[in-house]
Structure formats: structure tokens, C-alpha cells
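Presented below is the structure to which this report refers.
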4 protein chains.
Amino acid sequence: MHSRSPASRTGRPRSATADAAILAATREALVELGWSKLTLGDVATRAGVAKTTLYRRWAGKNELVVDAVAELFDELELPDSGSLAADIEGVVLQFATILARPEAKSGLMAVVAEATRDDALRERIRASVVDRQKRLVLEGRSRAQVRGELPPEPDPATASRTADLIFDMVAGAVVHRTLVSGEPVDEAWVRGFTLVLLRGLAGGAAHTAAD
Amino acid sequence: MHSRSPASRTGRPRSATADAAILAATREALVELGWSKLTLGDVATRAGVAKTTLYRRWAGKNELVVDAVAELFDELELPDSGSLAADIEGVVLQFATILARPEAKSGLMAVVAEATRDDALRERIRASVVDRQKRLVLEGRSRAQVRGELPPEPDPATASRTADLIFDMVAGAVVHRTLVSGEPVDEAWVRGFTLVLLRGLAGGAAHTAAD
Amino acid sequence: MHSRSPASRTGRPRSATADAAILAATREALVELGWSKLTLGDVATRAGVAKTTLYRRWAGKNELVVDAVAELFDELELPDSGSLAADIEGVVLQFATILARPEAKSGLMAVVAEATRDDALRERIRASVVDRQKRLVLEGRSRAQVRGELPPEPDPATASRTADLIFDMVAGAVVHRTLVSGEPVDEAWVRGFTLVLLRGLAGGAAHTAAD
Amino acid sequence: MHSRSPASRTGRPRSATADAAILAATREALVELGWSKLTLGDVATRAGVAKTTLYRRWAGKNELVVDAVAELFDELELPDSGSLAADIEGVVLQFATILARPEAKSGLMAVVAEATRDDALRERIRASVVDRQKRLVLEGRSRAQVRGELPPEPDPATASRTADLIFDMVAGAVVHRTLVSGEPVDEAWVRGFTLVLLRGLAGGAAHTAAD
DNA sequence: CTGTAAGCGAGACGGTACGTCTGGTCTTACC
DNA sequence: GGTAAGACCAGACGTACCGTCTCGCTTACAG
């Protein structure tokens with residue numbers, strides 16, 4: 001999660017509870033203040049921790065917020081609803097619900113903005129948030145293949161490229177609707193979106209994208 | 001663009017060149033520093049203008065950046081390439097090209113992040129950036145209808161809803177791929193994406209989304 | 001006193017009252033906290049002034065304290081008591097009275113201590129405190145010469161050297177008794193000290209010191 | 001010197017060398033950094049000792065520095081040069097030589113400054129530094145009385161008062177010239193100063209100071 | 001063609017947060 | 001129990017910007 005001196009055997013060990021308190025305080029501050037008015041001094045105070053403790057563990061505001069927000073998405077689960085379309089609709093709705101929470105909106109977009117000028121930060125976001133949830137796409141596909149809704153995918157490279165496209169489309173559309181358009185991601189929208197997505201994918205998007 | 005005292009008839013008029021100089025300086029600073037390290041004092045210096053002049057015209061950093069970035073998207077044009085797919089591919093590529101510029105990335109995402117806590121700001125973004133470019137979707141559709149590639153749309157409400165969905169999907173996917181995934185939006189990707197989108201839309205997404 | 005851009009015609013002029021408020025607040029803080037616990041942030045608060053204002057005018061704690069303390073010694077006056085001995089006793093008592101004040105003790109000794117490692121600071125102390133008060137020695141001597149108590153001094157270099165010695169002896173003895181010995185500088189002590197000093201000087205200390 | 005648990009019979013005994021190492025490290029740090037930038041953490045590191053160890057033995061920076069500096073003055077010796085004036089000149093020069101060392105200047109003046117607000121500290125300085133060296137005045141006087149240069153002093157109270165005055169004048173003048181005036185205490189200055197002092201004392205300063 | 005109202009540059013103002021450093025304490029593991 | 005290591009809380013440091021203000025000057029319309 002954050003860098004730790006790997007083999008420090010002596011000295012007082014780092015407080016185990018401090019991490020959790022700091023991340024929770026960060027989310028709390030994001031809700032109340034938003035990213036731009038969040039200050040590390042305030043987070044430290046809320047967490048009942050000295051500023052030095054915070055800086056000892058995270059390099060700055062961005063890294064802290066990424067970790068605080070990433071935890072939010074761990075509660076995403078692929079529902080087993082019997083059909084691919086229903087599975088997708090379920091997970092998209094979950095995703096939208098989390099993204100509608102103010103700590104997610106404020107924090108995630110801000111660090112994405114910062115990441116446009118900081119490759120290490122983008123990598124951290126990708127690792128902590130995106131790749132960690134890509135499991136949902138993979139699991140959904142394999143489940144659909146078992147059900148016979150999707151053909152087995154022989155080429156792993158193509159499979160990976162298609163999974164990325166799906167992730168860009170799902171996450172992008174939900175984020176854009178929520179944050180830019182400012183419209184709710186309700187069941188009707190999700191159903192329409194899922195229909196377009198599945199119909200579009202049926203018949204080999206990957207084939208075309210690969211030429 | 002920005003508020004101006006409506007009926008000030010007396011006194012020295014505002015410098016006409018200052019606005020353009022400030023917006024250009026803002027974009028320059030966005031390129032060099034990114035949003036979070038951009039300071040209004042620095043923009044004023046770059047523009048050869050006093051800080052007071054800047055504050056007289058814009059309420060703050062966010063409003064200034066929205067205006068500076070919005071101008072970038074005015075150069076988008078719908079190419080007339082003979083087929084709907086090619087039109088879409090063309091405009092998506094243009095959009096991706098603009099979005100790849102650092103002043104666009106840095107600025108746009110940051111103000112979107114700020115807008116999560118500021119409805120007035122989101123409205124300003126929607127008006128200045130999104131709605132201003134929605135013309136492209138509408139024009140592309142009507143052109144495709146003339147060509148016979150799309151059926152005429154009888155219900156204007158459904159038409160509007162579909163246009164919004166398209167915009168969310170296009171803008172969202174491009175933004176996500178560029179900023180989060182960090183992968184280039186090249187011709188291969190655009191072709192794959194457009195294929196999925198068009199195949200998905202064919203046959204009445206709006207119908208399903210409307211029930 | 002402190003550096004000032006000499007010919008800045010534009011911009012908001014510096015607040016005239018801020019200087020006095022800051023120096024007074026510094027003395028107040030010296031009384032309450034002493035030098036080592038005095039913080040510039042606290043001084044700024046007491047003076048009703050921002051920390052930046054303070055840093056804009058003084059380079060740091062030492063320079064500020066020198067100026068704050070130097071003002072205290074401006075109230076020294078050479079009494080015209082009719083005899084050299086009485087004049088000296090009067091001014092030594094005044095000096096001791098000022099030095100007994102906590103803001104003088106705390107501040108002066110601390111900056112002298114700092115000056116052991118900072119030549120610029122020692123020069124500032126010498127200029128602001130010592131040389132500014134050396135007038136007392138010079139005036140006292142010329143007055144005594146007019147009275148016929150001292151012979152006219154033909155050699156200005158010798159005169160200056162003697163004045164320095166006198167200053168070192170007077171200031172040094174009073175400071176040492178007050179701060180190190182911790183004994184009061186009362187009239188009895190002053191009379192004894194002055195007797196030793198005058199008897200010692202009578203008959204040409206300067207002559208011997210010059211060979 | 002510093003408090004020691006008097007009857008600790010069990011456990012690991014305190015390192016005997018640690019004290020000396022810490023005091024030497026303190027003087028070293030005083031030379032390099034001066035009092036205000038000296039930190040106990042740094043002293044501990046230089047001495048190869050844990051901060052805990054240091055705090056267990058001294059209450060704080062001031063006490064530590066007093067002990068470190070006091071040792072410096074133990075090398076003062078009254079030379080037996082055959083005349084009172086020469087004895088005084090010799091010891092004044094020795095004193096000035098020690099005081100010119102940066103660890104003495106920096107440390108001594110700083111703790112004197114601190115002592116203006118801390119009576120316990122002033123007492124510690126007086127006991128460790130001043131009273132410990134007052135032997136020089138007493139020994140010098142008695143030697144001069146043996147030689148017949150000074151009359152025997154019948155009244156012990158007067159004798160003590162005169163000794164104090166001498167100490168204030170000698171130490172004060174040397175300190176002031178060294179630290180405030182910033183001029184060297186060379187042989188010429190010492191000869192002039194001693195002349196004034198002895199001539200001033202001859203004939204009963206104490207008598208006048210006592211009335 | 002002069003008065004006046006607003007805009008202009010410069011830069012000081014009271015503030016807030018930064019990220020670092022130090023002081024003094026506490027908690028480990030080892031000796 | 002003493003020690004070295006180092007994390008802990010608390011809070012000051014000096015810097016950078018914030019958004020506002022006070023200046024002396026310029027501009028251009030209005031009377």
C-alpha cells in the first residue's frame with residue numbers, strides 16, 4: 001500500500017491502527033471538504049495522529065487519497081444473476097452507487113487529474129483501482145462462457161484487449177454521466193447502456209479491433 | 001464568457017486584449033505546471049497583467065480554467081467522410097487529439113473534479129464544453145438520416161436521450177482510455193470502439209431505454 | 001532600522017503603524033516568554049499582523065529582537081548633575097534600570113549569544129545599541145572638559161580608544177552583575193564602581209593603553 | 001554534576017564513558033552549530049548514544065550546555081609572576097583566550113540569556129562557573145597581601161564585596177569587549193585595563209562602597 | 001476641455017496550508 | 001534494567017499563494 005522500510009527490526013514499530021484511522025479520516029474530510037480544501041494537517045487532526053506520522057507513510061495528498069478511495073471499490077461484487085446482461089447491469093449499478101458517494105467523486109477525479117502530470121501516480125491509480133477491479137470483467141466473461149452466452153476466447157491477447165475496451169467503456173460512461181452530465185445512473189439508463197454494449201460486442205469486436 | 005457589469009457606461013473600458021492574453025497564459029501555465037500548481041499570480045505575470053485585473057473578470061481559478069479549456073474544443077469539426085462510421089471515427093480521433101494535449105487533460109479533469117462539489121461550476125462546464133459540442137452528435141445523426149443510414153427519429157425526447165447516451169459513451173470511453181488507462185487512442189482503437197458503438201445502437205437502443 | 005526598498009513609488013505603501021506594533025509586541029512577548037520561547041507567529045498575532053508582514057521586514061528572530069531592544073536604550077539621558085562622578089553614576093543607574101527589565105535582559109543577552117556566530121548580527125547590535133549610546137560617553141567627557149574636570153584630549157585616536165574601554169567596563173560590569181551574579185545594581189554599588197573607574201582613569205589610562 | 005540514582009544496585013550500570021562522550025560531543029556541536037542550532041538528537045548521535053540515555057541524565061539543553069562549558073574554565077590557573085599586576089594580566093589573558101573559543105562564547109552567553117528567566121539555571125551557572133573560579137580572585141589577593149602589595153583586609157564582608165566587584169569588572173569587561181565590541185583582548189588592552197583597575201582599587205574602594 | 005468614474009500596474013495586507021524539523025516521550029528488541 | 005533504534009505527539013519554522021486592499025496613474029466618455 002505505502003512504502004515501509006522492509007527489514008527494520010529495531011525501534012518502535014509503526015502503529016497498526018494509525019493507517020486505518022488516517023484513511024478513514026481522509027474519506028471523512030473528502031466528504032466534508034472535497035479534495036481541494038482537504039489539508040493533511042486536518043486529516044492528521046481528525047485521525048488523532050501527528051502530521052509527521054502521516055508524512056512518514058505517504059508522500060503527499062495524492063498518494064493518500066488514492067489509497068483512501070481505492071478501498072471503497074473493494075466492496076464491488078459480481079452478482080450471480082443468471083444472465084450476462086443482468087450481471088453487467090448489477091455491477092454497473094454498484095459501481096455507479098459507489099461513484100455517487102462524495103468521497104469517491106471528489107477524490108477519484110482529482111487524483112486522475114493530478115495523474116495527467118505524474119506517471120507514477122497514474123500507475124498507482126491503475127494498480128490500486130482499475131486493475132484491482134478488472135477481475136470483475138474477467139470473472140463475468142468466464143461465467144458467461146460457462147453458461148454458453150459467450151464463445152470461448154482462444155487468443156489471450158485479444159481477450160485482454162477486449163477486456164480493456166469494456167472497462168474503458170463501462171467506467172468511462174458511468175463516470176461521464178455522473179460527473180460531467182450530472183445525471184443519475186438509474187436502472188433505466190443502465191439497461192439502455194448494457195443493451196448497447198452487449199449488442200455491440202456480440203459478433204467479434206475484438207476481431208475488428210485487432211486488425 | 002465571464003460576468004461583466006452590464007450597464008457600465010462611464011469609466012475606462014476594460015482592455016480588450018487582456019482577456020485573450022490571460023486565457024492564453026492560463027493554457028501555457030497548465031502545460032508547464034498543471035492545474036494544482038497553477039497560481040493566479042503566475043498567470044497574471046505571464047499575461048503581463050495585474051492580479052486585480054484577473055480577479056475583476058473571473059471569480060477564481062476554476063472559472064478561469066473552464067474558459068481557457070473550453071476554447072480548445074471549438075476547433076472540433078464533423079468531417080464529411082461519406083459514412084456514419086467514418087464521421088464518428090473522425091470526430092472521436094479529433095476529440096482524442098485535443099484531449100491528449102496537456103492543457104486539456106490537466107485543466108479539464110481538474111475542473112470536473114472541482115465540479116463534484118460545486119453545481120454552478122458543473123453547469124458552467126456543461127454549458128461551455130459539453131453542450132457546445134453536442135452539436136456534433138446532432139449534426140452527425142441528421143446527416144446519417146439524410147444518407148439513409150439511420151431511420152428518422154419520431155420522438156424528440158427519445159432522440160435527446162439517445163444523444164446524451166452517445167455523448168456519455170464517446171466522451172467517457174475516450175477520457176477513460178486516455179487518462180486512466182493511459183493508453184493511446186489510435187486508429188485501431190477508434191475503429192473497434194466505433195464498431196461496438198454503432199452495432200450496439202443499431203436496432204433501437206432508445207426503445208429499450210425508454211420503457 | 002530594517003531594509004526598505006528605497007524608491008518604490010508604486011504599490012500599496014507599507015503600514016506605518018505595523019512597525020511600532022510589531023516591536024511592541026516583541027517586547028511584550030519577551031517579557032512573558034523570554035527569547036527562546038518567543039515565536040514569530042506569536043509576535044505576529046499579538047501585533048495583529050500577518051506572519052508574512054513580519055518576515056517582509058525582518059530577516060528573522062534575531063534582527064527583530066535587536067531592533068525591539070535597541071529602542072529601549074534610546075531613553076537613556078546624560079543627567080547634568082554638576083560633576084563627572086555624579087553624571088556617570090546617574091547614567092549607570094539608568095542603564096542598570098533598563099537592563100533590569102525582563103525584555104532587555106532576555107532579548108539582549110540572547111542576541112549577543114547569537115552574534116557570536118553571526119558577524120552581521122554583531123554589527124547590527126553594535127550599530128543599533130552600542131554605538132548609538134556611545135554618545136553618552138562622548139558628551140559626558142566633553143562636559144567634564146568644559147568644567148575642567150578632565151584635561152582636553154589632543155589625540156582623537158587615543159580618545160576613541162579610551163571611550164571604548166570605558167564603554168566595555170561600564171556596560172560589561174553592569175551586565176555581569178545583573179545577569180550573571182544576579183545581584184542588584186543599587187546606588188551603593190554604582191558609587192563604588194564609579195569611584196574605582198574614575199580613580200583608575202585619572203592620570204592617563206589612555207597613555208598606557210597606547211604604547 | 002547531574003542527578004544520579006544514588007543507590008541503584010541492580011540492572012546494567014550506566015556507562016562510565018557515556019558522560020564524557022556526551023559532554024565532548026556537546027562542545028563539538030557548539031563549535032559547529034552554535035547553541036541555537038544544537039539539538040539533543042544530534043548530540044546523542046555524535047556521542048554514539050541514544051537520545052533516551054541523554055534525557056535520563058540531563059533535564060534539557062541548558063543543563064547539558066552548562067556542564068559542557070563549565071569544564072572549559074577548570075584549566076584557568078593563577079600564574080605566579082611576582083607582581084599583582086602581572087598576575088592579573090596573566091589570568092585575564094587566560095580567561096579571554098578561553099572565552100574566544102567558539103564553544104565557550106556560544107554556549108556561555110546562551111545559557112546566561114536563558115538564565116534570565118530561570119533562577120535554577122542561574123544558580124547552576126553561578127555554582128559551576130563563577131564561584132568555581134572566584135578562587136582566583138581570593139588567591140590573588142592573599143598572595144598580594146603576602147607580598148605586601150595590598151594591605152590586610154580586616155572586614156570579611158567588605159573583602160567579599162570587593163571581590164565580587166572585581167569579578168564583575170574583570171569578567172564583564174572581557175566579555176563585553178569580546179562578544180559585543182568584537183575586538184580582540186590582546187596584551188595592550190589587558191595592560192590598559194589592569195592599570196585602570198588596580199589604580200582604581202588602590203586606596204579603598206571598599207570603604208567608599210560600604211558607607 | 002474638464003471632471004469623474006472605472007480600469008490599470010504594483011505591491012503590501014491578514015490569512016491558511018505547506019512540508020520539514022525539533023523537542024521530549026514511549027515502545028520495542030536486544031544485551 | 002540499561003541501551004539503541006526509531007515511531008509517536010505537539011507545535012514552530014520559513015515559504016508560497018490566497019483573495020483583498022490601497023495606492024498613483026491612465027483612459028475615455030459626459031457635461
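Naming convention: chains lettered A, B, ... in sequence-line order (proteins, then strands); numbering from 1 in each chain. Since we're looking at a predicted model, the values are computed, not measured. Keep in mind that the numbers below use all heavy atoms, side chains included, and drop hydrogens, waters and symmetry copies.
Side-chain atoms of A:R12 and base atoms of F:dC8 include no donor and acceptor less than 3.5 Å apart.
Taking the centre and axis of the six-membered ring of A:W35, the NZ or CZ atom of A:K105 falls outside the cone set by 45° and 6.0 Å.
Across all strands shown, A:L54 has no heavy atoms under 4.0 Å from either base or sugar-phosphate atoms.
One interatomic measurement links the two molecules: NZ of B:K37 to C1' of F:dT15, which rounds to 14 Å at whole-angstrom precision. In this structure, CG of A:N62 is placed 12 Å from P of E:dC18, rounded to the nearest angstrom. Look at CG on C:L33: it is 14 Å from P on F:dG11, rounded to the nearest Å. Between the CG atom of D:L38 and the P atom of E:dT22 there is a distance of 11 Å, rounded to whole Å. Following rounding to the nearest Å, C:K61 (NZ) and E:dT22 (C1') show an atom-to-atom distance of 13 Å. If you take CZ of C:R57 and P of F:dT15, they are 16 Å apart, rounded to a whole angstrom. Atom P of nucleotide E:dT22 and atom OH of D:Y55 are separated by 12 Å, given to the nearest angstrom. Rounded to whole Å, atom C1' of E:dA5 lies 14 Å from atom CZ of B:R14.
Toward the 5′ end of DNA chain F lies the nearest nucleotide of D:K51, the other residue of the pair D:K51 and C:T52 mapping further downstream. Heavy-atom nearest nucleotides on DNA chain E were determined for C:P13 and for B:T53, and the one closer to the 5' end corresponds to B:T53.
Using a cut-off of 4.0 Å between Lys/Arg side-chain N and Asp/Glu carboxylate O, A:E114 and B:K37 are scored as not salt-bridged. Salt bridge D:R124/D:D67: present, at least one basic N to carboxylate O contact under 4.0 Å. Using a 4.0 Å cut-off between charged side-chain N and carboxylate O, D:R46 and D:E32 make a salt bridge.
If you take OG1 on B:T45 and NZ on B:K51, they are separated by 9.0 Å, rounding to the nearest 0.5 Å. Expressed to the nearest 0.5 Å, how far CZ of C:R101 lies from CG of C:L72 amounts to 5.0 Å. Separation of atoms CG (C:N62) and CD1 (C:I125) is listed at 8.0 Å; rounding is to 0.5 Å.
Between A:R56 and F:dG6, a side-chain N or O to OP1/OP2 separation shorter than 4.0 Å is absent.
For the contact set between residues 39-50 of chain C and DNA chain E, defined by any heavy atom under 4.0 Å, the members are C:G48, C:V49, C:A50.
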